[in-house]
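A short write-up of the structure that comes next.
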Number of protein chains: 2
Amino acid sequence: MAAIGRPRGFDRDTALEAAMLLFWRKGFAATSMSDLCDAMGISSPSLYAAFGSKEALYLEAVEYYVRTIGPPVWDKLAEGATARAGIEKLLIAWTESLPKSRATPAGCMALLAAVGDEWPATIVRVVKKVRLEMLGALRSRLETAVAKGELPASTDIDGLSRFYLSVFQGMAVQAKDGATPAELRAVAAAAMTAWPGDG
Amino acid sequence: MAAIGRPRGFDRDTALEAAMLLFWRKGFAATSMSDLCDAMGISSPSLYAAFGSKEALYLEAVEYYVRTIGPPVWDKLAEGATARAGIEKLLIAWTESLPKSRATPAGCMALLAAVGDEWPATIVRVVKKVRLEMLGALRSRLETAVAKGELPASTDIDGLSRFYLSVFQGMAVQAKDGATPAELRAVAAAAMTAWPGDG
DNA sequence: CCATTTCTGTATCGATCGACACATAACCAT
DNA sequence: ATGGTTATGTGTCGATCGATACAGAAATGG
């Protein structure tokens, strides 16, 4: 863009990250413009000039979340020699990522936007797409496993991927509820015993 | 109470049920007093006279939910000869109860109040207690199973009950997301393969 | 009948919501 | 310097939020 006119007095990404953390913790409706302005350190007109609206800001915050928070965790799925190892690594990564930490709120932002209060339709649609991508990532890994012979061809791939998505979502809810990493690890361990062929 | 004064022009329980269904579907913040008055068929002052406040009405709605919606499903846990059968019946009951039906919204009201937007502290505390009761019901059934020798004494009861709670919560999220009963049944089937000793 | 009590509808309260008008300040090109 | 362009802060907009004041209506007890 043109470097013309008065330059912006704040860093856009820094402000966006502050908005993401606030939205993540409090949700959409419960986060007011006033809250956002305080957290981002800017005034209302600056926010509107830079992001358009509260709703547009939320959508950008989700995008930022998917871009920065998701990959370090979901990359685990591709690691490990087998799909089983990948899923296990992913589960462990969740137990570390989902509880509230010094830097981030508890739970999964893309999940929290699905449940609870009714949200603007545009947001619901976008976060739903994100959740479908999670399901797709799981299914894709399982399909590869079947193709490689790690799992029998009769495996219910859709059901199994949906099952692990369920476990993830349940863990996210419990994390939001204050569950400790140790408690989540017990859930992950139980979930791994559902791997086909184990006993 | 005294039968003195002008009698109430509406049935309290009927109005409460209407409020519950609306809160269940839309959440707390997204449900306005105006919405409630429309759904309950009464005016704002009547609502305040009968229920006190929006927050008090929500608390009564949760109580009503726990009293009327919960038991038909959770009673399944006690049915069946073994804990395994009880859990399986419970999972199946969820797959039928969680999706949106003609009469009820999707998901679990007590769960939805945990996630998403920030809710009033009193409500958070009450619904958290409800979720702890769910966990307690599962754990209690598993303890009985260990006592009866259905499960080895080394069973991680806390982890296993938390695991099945996770599955339930994940199923509730996916139900809210529009998952079909068939898709939820696949999740339930996968979850049952995690039963200790199966394989 | 009247007095008392309780419920109901209209109309509205102050607070807060998201969003913006406006004037001013800070930068670039010329 | 000067005009063009964009960002900033103050102040405020209409709408909506949850919650009531008030007066009239409907019941009971005398």
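Lettering of chains follows the sequences in order, A, B, ..., and the numbering in each one begins at 1.
- Rounded to whole Å, the distance from CG on B:Leu47 to C1' on D:dT20 is 13 Å.
- Rounded to an integer number of Å, the gap from A:Lys54 NZ to C:dC17 C1' is 8 Å.
- A salt bridge links B:Arg12 to B:Glu60: one of the charged nitrogens lies within less than 4.0 Å of a carboxylate oxygen.
- Across the protein-nucleic acid pair, B:Asp38 atom CG and D:dC17 atom C1' stand 15 Å apart, rounded to whole Å.
- Put simply, CZ on A:Phe51 is 16 Å from C1' on C:dA19, counting in whole angstrom units.
- Taking atom CE of residue B:Met33 and atom P of nucleotide C:dG9, one finds them 14 Å apart after rounding to whole Å.
- Each of B:Phe10 and B:Ser44 was assigned the nucleotide of DNA chain C with the nearest heavy atom; the assignment lying further toward the 5' end belongs to B:Phe10.
- At whole-Å resolution of the value, CD1 in B:Ile4 and P in C:dT5 are 7 Å apart.
- Considering only side-chain N and O atoms, B:Ser46 lies under 4.0 angstrom from the phosphate OP1 or OP2 of C:dT8.
- As rounded to whole Å, 14 Å separates atom C1' of D:dA26 from atom CZ of B:Arg8.
- The phosphate of D:dC17 (OP1 or OP2) has a side-chain N or O of B:Ser32 nearer than 4.0 angstrom.
- For C:dA25, its base sits under 3.5 Å from the side chain of A:Arg6 at one donor and acceptor pair at least.
- Within a 6.0 Å sphere centred on NZ of B:Lys26, other residues, nucleotides and ligands contribute more than 12 heavy atoms.
- Criterion: ILVMFWY side-chain heavy atoms under 4.5 Å apart, direct or through other members. Under it, B:Val167 and B:Ile92 are not part of a common hydrophobic cluster.
- If you take CZ on B:Arg162 and CG on B:Asp156, they are separated by 10.5 Å, rounding to the nearest 0.5 Å.
- Checked by atom type and distance alone, the side chain of A:Lys76 never pairs as donor or acceptor with a backbone atom of A:Glu88 at under 3.5 Å.
- Each of B:Ser34 and B:Pro7 lies near DNA chain D, and the nucleotide nearest B:Ser34 is the one positioned closer to the 5' end.
- Residue B:Tyr48 is the one, among B:Tyr48 and B:Gly5, whose nearest nucleotide of DNA chain D lies closer to the 5' end (criterion: closest heavy atom).
- In this structure, A:Met40 places its CE atom 15 Å from C1' of D:dT8, rounding to the nearest Å.
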